[in-house]
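Each remark here refers to the structure printed beneath this line.
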Amino acid sequence: IECNNDGEHFCTPDKNEVIQIGNVCKIAGTEEIIARNIFTLGGCSEIADADVFSFKDEAAMLQAWRNFVVEVDPDIITGYNILNFDYSYLFGRADKLKIKDFSNLGRIKNKRISFKDSTFQSKAQGIRDTKEVVMEGRVQLDMLQHIQREHKLSQYSLNSVSLNFLKEQKEDVHWTIIKDLQAGTDDSRRRIAVYCLKDCYLPLRLLEKLMCIFNYTEMARVTGVPFSYLCTRGQQIKVLSQLLRKARSCNMLIPTQTRGDRGDKFEGAVVIEPKPGFYKTPIATLDFASLYPSIMMAHNLCYCTLVPPSVAPKLDKDSFIVTPTGEKFMKAEHRKGLLPIVLEELLAARKKARAELAQTTDPFMQKVLDGRQLALKISANSVYGFTGAQAGQLPCLQISGSVTSYGRQMIDKTKAKVEEYYSSANGFDFDAEVIYGDTDSVMVNFGDMSLERIIQLGNEASQVVTAEFTKPIKLEFEKVYYPYLLMAKKRYAGLLWTKPENYDKIDMKGIESVRRDNCSLVRNTINTCLSKLLIERDVDAAVEFVKNTVAS
DNA sequence: TAGCCTACCTAA
DNA sequence: TAAGTTAGGTAGGCTA
Ligand SMILES: Nc1ccn([C@H]2C[C@H](O)[C@@H](COP(=O)(O)OP(=O)(O)OP(=O)(O)O)O2)c(=O)n1
């Protein structure tokens, strides 16, 4: 929608009328546009490819728009910042103009839509104010919210987001000139209309290009929650839903738990003390595949396999295992846990998504599919997170604590094994050294050898270590950094190689150039500096460049 | 000035 | 059923 203003202050529904409402309707998955139109207050010159409906009176326009929505009967309504701006403005105006039945927009006759303030709050997302719009039978998919949740960008204006994803900008009409355009002629109002239609079209394009409907549908099927929950709710509901679904098929019930005893946290993962430096030898990176989910699957950790201390003495000692934190869990042959089954399904879905990713060659498509694969990975990791969520419905720190304790044990063992196996004591003519590792990965310095040899050693090492662990747990050789700049825990950069022929890219973790709380001068300087350092391997040139930048 | 605290953002 | 988890670097403020 576009609204009028007094030329000085930004529009408010108390004072300023809605002057235009643009709509573009499409059948998802097809190219067919079934309607493209603009409702205008005051006359408006013709626009190619769009129907112009002009009204003398704002109330009549709003009423006609409502009728249009009901007639088109959409399943999903999208737009940019519609939840926080468009809806509250439209309902504000409808109230003010006393338009009866304006908010009867849903699919249940005579049921008004509900609209209220709400906040979404989580540790990962921070606090985010939104509006809750319940329109029966129509999902509200605000692209601003979607992109804020799924993509980390430094700016979220429609303009910069479109530039980022569609390589396209909108022609800007600054709000201060809208008043004059509206007060002008049919032609000047047409300028607003063209701008407004573009504003409608861009979110729809984003929705399609990012395959939102496809990805959300898949997630809804895998996790068993309604589509709309994926936009408005968090990770917990997805885990709970999967758990409930599995529990029912296994004839079990899930208790409703009073939430209490919060505050005390459990110990997480270890980060191996880094040996900082600029490594000019290839550094192999070994990484466990989905570490926490596979720990839960390998050891059958679940709510229903946890043995209470009082019961343990009555059980056969061979029927359960003891985790490094001292918790006891039944073995799978006695009782198979629900969480491992849920995880199997999530990991299977992720595996499928990754296979499709490997098939694509289009770089943008690869990014989209990578996002899909990542979303499934986070859902799987959230099963672990759910058990440790003290503000949640079913916290069970025994499970989450056991998972992390196994994780700590495993990375220590991996480090020890690699260093012990690849040593001169074991008949090799070099001593491998683990220079860094975080949670589920180890970075190994085998010494000054060719890239081919390192890749071969990495593959071999992953098999040697995998053989040490229980079934679904798998150590993978992922990549080589050559050269590698290790600065501190969670801060490093390197030239990434997955094949000996050519490098993939510069990979940067945790340093200023990937953080969004730095100015672009710092980011650009570091980017250039790193490319001199890692690609050209010219330390002096890098130093010189920084000196010059600082001096100027 | 060392040491502790918080805010922010990121790695995993 | 409102809200996945912990670890950790850096900058900047405050205080003993
Ligand atoms: N958002 C995240 C990311 C990770 N982890 C935990 C669980 C993971 O098992 C572990 C390792 O994380 P990775 O980023 O290495 O990812 P995975 O090992 O799960 O997957 P993969 O290595 O196959 O990409 O850290 C988590 O709890 N939440």
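Scope of the values below: all heavy atoms of this structure, side chains included, with no hydrogens, waters or symmetry mates. Nothing here was measured: the structure is a model prediction, and the numbers come from that model. Below, read A as the first sequence line, B as the second, and so on, with proteins coming before strands; counting in each chain starts at 1.
- Rounding to whole angstrom units, CG of residue A:Asp517 and P of B:dT10 are separated by 7 Å.
- Side chains of A:Glu460 and A:Tyr421: no donor on one and acceptor on the other come within 3.5 Å.
- Formation of a donor-acceptor pair under 3.5 Å by the A:Thr323 side chain with backbone atoms of A:Glu327 is found in this model.
- What separates OH of A:Tyr492 from C1' of C:dG9 is a distance of 14 Å, to the nearest Å.
- Aromatic ring pairs are classed by plane angle as parallel below 30°, tilted from 30° to 60° and perpendicular above 60°; the pair A:Tyr503 and A:Trp497 is perpendicular.
- Across all strands shown, A:Gly268 has heavy atoms under 4.0 Å from sugar-phosphate atoms exclusively, and none from any base.
- Contact check of residues 133-154 of chain A against DNA chain B (heavy atom, cut-off under 4.0 Å) returns A:Lys152.
- Using a 4.0 Å cut-off, some side-chain N or O of A:Arg491 falls inside it from OP1 or OP2 of C:dT10.
- The aromatic rings of A:Phe85 and A:Tyr89 sit tilted relative to each other, their planes meeting at an angle between 30° and 60°.
- Side-chain to base pairing of A:Arg516 with B:dC9: no donor and acceptor N or O lie closer than 3.5 Å to each other.
- Contacts of A:Tyr436 with the nucleic acid, taken as non-hydrogen atoms under 4.0 Å apart, are absent.
- The neighbour count for A:Lys131 NZ, taken as heavy atoms of other residues, nucleotides or ligands under 6.0 Å away, is above 12.
- Residue contacts for A:Lys489: at a heavy-atom cut-off of 4.0 Å it reaches the sugar-phosphate backbone alone, with no base atom in range.
- When distances are taken from the side chain of A:Gln393 to each of C:dA3, C:dG8, B:dT10, the shortest belongs to C:dA3.
- With rounding to whole Å, A:Lys509 atom NZ is found 7 Å from B:dA11 atom P.
- In this entry the distance linking CG of A:Asp438 with P of C:dT5 reads 18 Å, nearest Å.
- When distances are taken from the side chain of A:Ser122 to each of C:dA3, C:dG8, C:dG9, the shortest belongs to C:dA3.
- The heavy-atom pair separating A:Tyr80 from A:Asp86 by the smallest distance is O-OD1, 4.3 Å.
- A:His299 and A:Phe329 have their aromatic ring centers separated by at least 6.0 angstrom.
- Under the 4.0 Å criterion applied to side-chain N and carboxylate O atoms, A:Asp142 and A:Arg149 are not assigned as salt-bridge partners.
- If you take CD1 of A:Ile378 and C1' of C:dT5, they are 12 Å apart, rounded to a whole angstrom.
- Note: CD1 (A:Ile127) to C1' (B:dC8) measures 14 Å, nearest angstrom.
- For the pair A:Asn518 CG and B:dA7 C1', the computed distance is 14 Å after rounding to whole Å.
- A:Phe288 comes within 4.0 angstrom of no nucleic acid atom, judged by non-hydrogen atoms across all strands.
- In this structure, A:Phe120 reaches the sugar-phosphate backbone alone: every heavy-atom distance under 4.0 Å involves primed, P, OP1 or OP2 atoms, never a base.
- Nearest heavy atom pair, residue A:Gly137 against residue A:Arg107, reads O-NH1, 3.0 Å.
- Using a 4.0 Å cut-off, no side-chain N or O of A:Tyr384 falls inside it from OP1 or OP2 of B:dA12.
- Annotation: the terminal axes of the helix from B:dT1-C:dA16 to B:dA12-C:dT5 meet at 20°, where each axis is the rotation carrying the C1' atoms of four end pairs onto the next four (5 pairs per end, rounded to 10°).
- Contacts of A:Val514 with the nucleic acid, taken as non-hydrogen atoms under 4.0 Å apart, involve only primed sugar atoms and P, OP1 or OP2.
- A donor atom on one side chain and an acceptor atom on the other are not found under 3.5 Å apart for A:Asp412 and A:Gln409.
- Taking atom CD on A:Glu478 and atom P on B:dA11, their separation rounds to 15 Å, with Å as the unit.
- Using a 4.0 Å heavy-atom criterion, one finds that A:Ser382 contacts the bases of the nucleic acid, with or without backbone contacts as well.
- Checked against A:Val434 for a side chain to side chain contact (heavy atoms under 4.5 Å, CB included), the options A:Ile272, A:Ile411, A:Asn445 give a single hit: A:Ile272.
- When each of C:dG4, C:dT6, C:dG8 is scored by its nearest atom to the side-chain atoms of A:Gln236, the top-ranked nucleotide is C:dG4.
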